[in-house]
Amino acid sequence: MQTSVNDSISEDIPKTVPDHIQARRDLVFLVLSSLFLGTLGMLNILGISRFVNILAWNDFAVTVAVGVLPYPLTFLCTDLISELYGRKQANQVVWVGLLLNVWVVFIVWLGGVLPGFEAIDPSTGELVRDAAGRLPVFFEICDRTFGTVTASMVFNKEKANA
């Protein structure tokens, strides 16, 4: 059996593609979409948890959040999807990415409101801060995750509308 697909150059002329070629196309789409969505979710959660020096020269150093390193992969994936499968499919993947970000924010929020084992100051009911005035690591990451996910969602929505 052969599948009918539209060529991106001449969309009015349907072309038939052998099943094994269509299966490869589907697999490539799945891999590219998974890379995009996995990277997007990972960088929004773990991206601000560690900073690395990518260049050090004398007194000059370039320090970036680890989430910046895989971010170009998201552009490559959406660009390849757009070129190979069309803008509509690329926009669908970006919208799924936005929904994934909402899911990440919900789970992180839920983790913050459920009772945990962190020390609570009995007089104020607030979480106990360390000597440097920081909250426990989870809550520090929580704050930054909300900011990075919001920025990512705005950027991805703009990219989907472009």
Side-chain angles (χ1 to χ4, degrees), residues 1-56 61-114 116 134-162:
M1 174 160 182
Q2 298 201 347
T3 308
S4 176
V5 295
N6 290 332
D7 188 359
S8 61
I9 296 172
S10 57
E11 294 195 10
D12 346 304
I13 306 169
K15 300 210 176 189
T16 56
V17 175
D19 285 342
H20 70 282
I21 300 292
Q22 186 61 39
R24 284 185 193 166
R25 287 175 50 91
D26 294 343
L27 181 62
V28 169
F29 178 75
L30 181 64
V31 168
L32 289 172
S33 299
S34 299
L35 276 172
F36 171 77
L37 296 171
T39 303
L40 192 66
M42 175 193 61
L43 70 89
N44 285 329
I45 296 170
L46 301 176
I48 45 78
S49 62
R50 183 156 195 257
F51 291 86
V52 294
N53 284 332
I54 58 171
L55 174 69
V62 176
T63 304
V64 296
V66 87
V68 170
L69 303 175
Y71 202 67
L73 184 62
T74 62
F75 292 103
L76 178 63
C77 290
T78 54
D79 289 346
L80 285 172
I81 291 170
S82 182
E83 288 295 322
L84 297 173
Y85 301 96
R87 185 175 175 192
K88 182 179 178 184
Q89 293 239 209
N91 285 344
Q92 288 174 344
V93 171
V94 169
W95 279 106
V96 170
L98 291 173
L99 293 175
L100 175 69
N101 280 334
V102 169
W103 178 248
V104 165
V105 166
F106 172 72
I107 295 299
V108 170
W109 171 80
L110 188 63
V113 296
L114 291 175
R134 296 176 300 212
L135 290 170
V137 173
F138 172 79
F139 295 97
E140 293 286 330
I141 290 175
C142 233
D143 290 343
R144 281 152 190 83
T145 298
F146 290 140
T148 58
V149 167
T150 303
S152 173
M153 290 172 70
V154 168
F155 176 78
N156 284 329
K157 180 158 179 8
E158 291 300 318
K159 188 171 184 178
N161 291 333

Participant: Look up atom CG in L37 and atom CG in L32, then write down how far apart they are to the nearest 0.5 Å.
Facilitator: 11.0 Å

Participant: Can you tell me how far CG of L80 sits from CZ of F36, rounded to the nearest 0.5 angstrom?
Facilitator: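 With rounding to 0.5 Å, CZ (F36) is 12.5 Å from CG (L80).
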
Participant: If you round to the nearest 0.5 Å, how far is CD1 of I21 from OG1 of T16?
Facilitator: 11.5 Å

Participant: Compare every heavy atom of N53 with every heavy atom of A61, then report the nearest pair and how far apart it is.
Facilitator: CB-OD1, 4.3 Å

Participant: Which pair of non-hydrogen atoms, one from T39 and one from P70, has the smallest distance, and what is that distance?
Facilitator: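 Shortest heavy-atom separation between T39 and P70 comes out as CG2-O, 3.5 Å.
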
Participant: Applying side chain to side chain contact (heavy atoms under 4.5 Å, CB included), name anything that partners I107, two or more places apart in sequence or on another chain.
Facilitator: W103

Participant: For a side-chain contact (heavy atoms from CB on, under 4.5 Å) check, start with the C-alpha distance between Y85 and V28, then their side-chain angles and the critical distance, and finish with the verdict.
Facilitator: CA-CA 10 Å; Y85 301 96; V28 169; 3.4 Å; yes

Participant: Examine distances only and state if a side-chain atom of T78 and a backbone atom of T74 form a donor-acceptor pair shorter than 3.5 Å.
Facilitator: yes

Participant: Check side chain to side chain contact (heavy atoms under 4.5 Å, CB included) between L110 and all other residues, then give those that pass, not counting sequence neighbours.
Facilitator: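 For L110 the side chain to side chain contact (heavy atoms under 4.5 Å, CB included) partners, ignoring immediate neighbours, are F106, V113, L114.
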
Participant: So which heavy atom on Q22 is nearest to which on V17, and how close?
Facilitator: N-CG1, 3.8 Å

Participant: Can you list everything that forms a side chain to side chain contact (heavy atoms under 4.5 Å, CB included) with Q92? Sequence neighbours excluded, please.
Facilitator: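 Q92 satisfies side chain to side chain contact (heavy atoms under 4.5 Å, CB included) with K88, Q89 once adjacent residues are dropped.
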
Participant: V31: what forms a side chain to side chain contact (heavy atoms under 4.5 Å, CB included) with it, not counting sequence neighbours?
Facilitator: L27, L35

